[in-house]
Participant: 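So that we are looking at the same thing, I have put the structure below in structure tokens.
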Protein chains: 2
Amino acid sequence: MAFQPAESEATGAQRDDQPGVRAVIRSLDLLVELSKWERPARLSELARGVDLHPTTALRLLESLRSRGFVSQTVDRSYVLGSRTFEIGSAFLRNVSIWSQANQLAEQLAESTGETSSVGVLDEGQILYIAIARGQQDMGIASAPGTRHPLYCTSLGKAIMAELPAADVNGLLAQDPPRRLTPNTILDLSSMQRELNEVRSVGYAVDNEERTPGVVCIGAVIRDHRGVQVGALSISGPAVRMRENGIAELGRLVVKSAQAFSA
Amino acid sequence: MAFQPAESEATGAQRDDQPGVRAVIRSLDLLVELSKWERPARLSELARGVDLHPTTALRLLESLRSRGFVSQTVDRSYVLGSRTFEIGSAFLRNVSIWSQANQLAEQLAESTGETSSVGVLDEGQILYIAIARGQQDMGIASAPGTRHPLYCTSLGKAIMAELPAADVNGLLAQDPPRRLTPNTILDLSSMQRELNEVRSVGYAVDNEERTPGVVCIGAVIRDHRGVQVGALSISGPAVRMRENGIAELGRLVVKSAQAFSA
DNA sequence: AATAGCATTGCGTATAATGGAACGTACACG
DNA sequence: CGTGTACGTTCCATTATACGCAATGCTATT
């Protein structure tokens, strides 16, 4: 059995013209893979997940472990290490609205009884940085640190309404809309019309466009200079939100958002 | 043995035979280094910080950037990328008490008016996972994601009081006490006496042992089975804390901590 | 007892990460 | 206005180094 040319994955050329150092990228992929697991993951599971030889995965994970980015349970399964939290928290400190984001969400959650979220525009998506559960929690709120597309969230639409049409097109092209519910807005002209509506009323509505039965209302928040720095929303069951009056709630959200600027 | 006992230290040839893949470890060091910067860091600054050739640092940072762990400002300075927050948040989800930690801290902050913190034992230190500022904020509260030693925090002492003496010794040896204030507890026997006191009253007091003028009161929190899962504390200026009565406040902290178990 | 799957170690090889040198640029200073 | 410095970046030769195979010991499963 002489050495054969590399297996090449049956499909032939794998695009390894990616920028950077292979070992580093692989280790980061392992970290991302691990972050998706709800339970501790075994070496072989992770290795399979990112398509690496167990030996390679082992050494990369050892490297991650030596710096606290992963740690091992007694049965040698892997979990995220606390260093990830430490550094993730450092990221938050760079986000201008971080220190007030939680307070803001909590106030709105209290005054409306619905779950309230604060998010920022990040790499063409909404990144949630604060969530406050309302009295009547549905348990379907996104957690901080998760992302959602712009086109199907009230936060995303509120932010896009602030931007020039060209930028909006660019953002949507970057993350092309997919039909998530019957109400999802898919085409560009519909979105532009929707954004006109947002601009005229001052808040954005996600009318069951991402999750059936869930309605969200969002508005942008600005710093003291009036520069947009993120967005604020409430989320609740469609029926209850409509009972309480979308316009009514919208005014509440806008009021909270405006109070923030001070 | 015929050979000299002096092993490997004579020439110091082994500088960093650390386990793992060098490029990965270097990139993680870069990430940690970057997380320490309050402002965007330049390539050369980071390279110097971790003692790397700029060329090498550049490629490692490119790798980190390709996966969203760092990003660049318009002037090409580096900042942490949002992926770090995403993964750091995933870590929190594995912490059993995370979902209730914020609520818990807020309730205690509201009922006492002082800043309240929740932390867990992690790698021989206290890792703060939730902070709620009280009415009368001093602005010196640690942020979530930061660490502090066990021996000089009320959280640490409350947790150590739960552990066998041998474990305590091990933990303290792992992170040997340093004099941070005149009150810092340095020697083991004093600490054991202190922990006895903690056990008898049910809460721990940091009596200006970490920061002059700051007093903290902490107690462990348990899950429904009675297993220790973290600790809860309040922090405030020494004078005010003493005015309000340490014992009084201690009872409040313990009450909140116990209410948590339900 | 036998098998299967797993984590881990050692090792030779070829890859791939490394750092020197050089280039372009921006800015500071004389 | 020219000179000098510090920086980011590209290119390239070199060899250090990360890789994957094969073999080992382990645990769980049949």
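Keep in mind the model is a prediction, meaning the values are calculated, not measured. Lettering follows sequence order; numbering is per chain, from 1. No hydrogens, no waters, no symmetry mates; every other heavy atom, side chains included, goes into these values.
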Participant: Sugar-phosphate atoms are those with a prime plus P, OP1 and OP2; base atoms are the rest. Using that split, label each nucleotide of nucleotides 5-10 of chain C B, S or - for protein heavy atoms under 4.0 Å, 5' to 3'.
Facilitator: -SSSBB
Participant: Do E86(B) and T146(A) come close enough that some side-chain heavy atom pair is under 4.5 Å?
Facilitator: no
Participant: Just N and O in the side chain of R22(A): are any of them under 4.0 Å from OP1 or OP2 of dG20(D)?
Facilitator: no
Participant: Between E162(A) and K157(A), does any side-chain N to carboxylate O distance fall below 4.0 Å?
Facilitator: no
Participant: Is any side-chain heavy atom of V229(A) closer than 4.5 Å to one of V95(A)?
Facilitator: no
Participant: Expressed as a whole number of angstroms, how long is the span from L52(B):CG to dG20(C):C1'?
Facilitator: 15 Å
Participant: D75(B) CG to dT9(D) C1': how many Å, rounded?
Facilitator: 16 Å
Participant: Does the side-chain hydrogen bond (donor to acceptor under 3.5 Å, both in side chains) test come out yes or no for R147(A) and S82(B), once each step is laid out?
Facilitator: CA-CA 10 Å; R147(A) 297 167 186 283; S82(B) 53; 2.6 Å; yes
Participant: Side-chain N or O of R26(B) versus OP1/OP2 of dG19(C): is the shortest distance under 4.0 Å?
Facilitator: yes
Participant: So does R83(B) pair up with E123(A), basic N to acidic O under 4.0 Å?
Facilitator: no
Participant: Excluding sequence neighbours, so at least two apart, what forms side-chain hydrogen bond (donor to acceptor under 3.5 Å, both in side chains) with R59(B)?
Facilitator: none
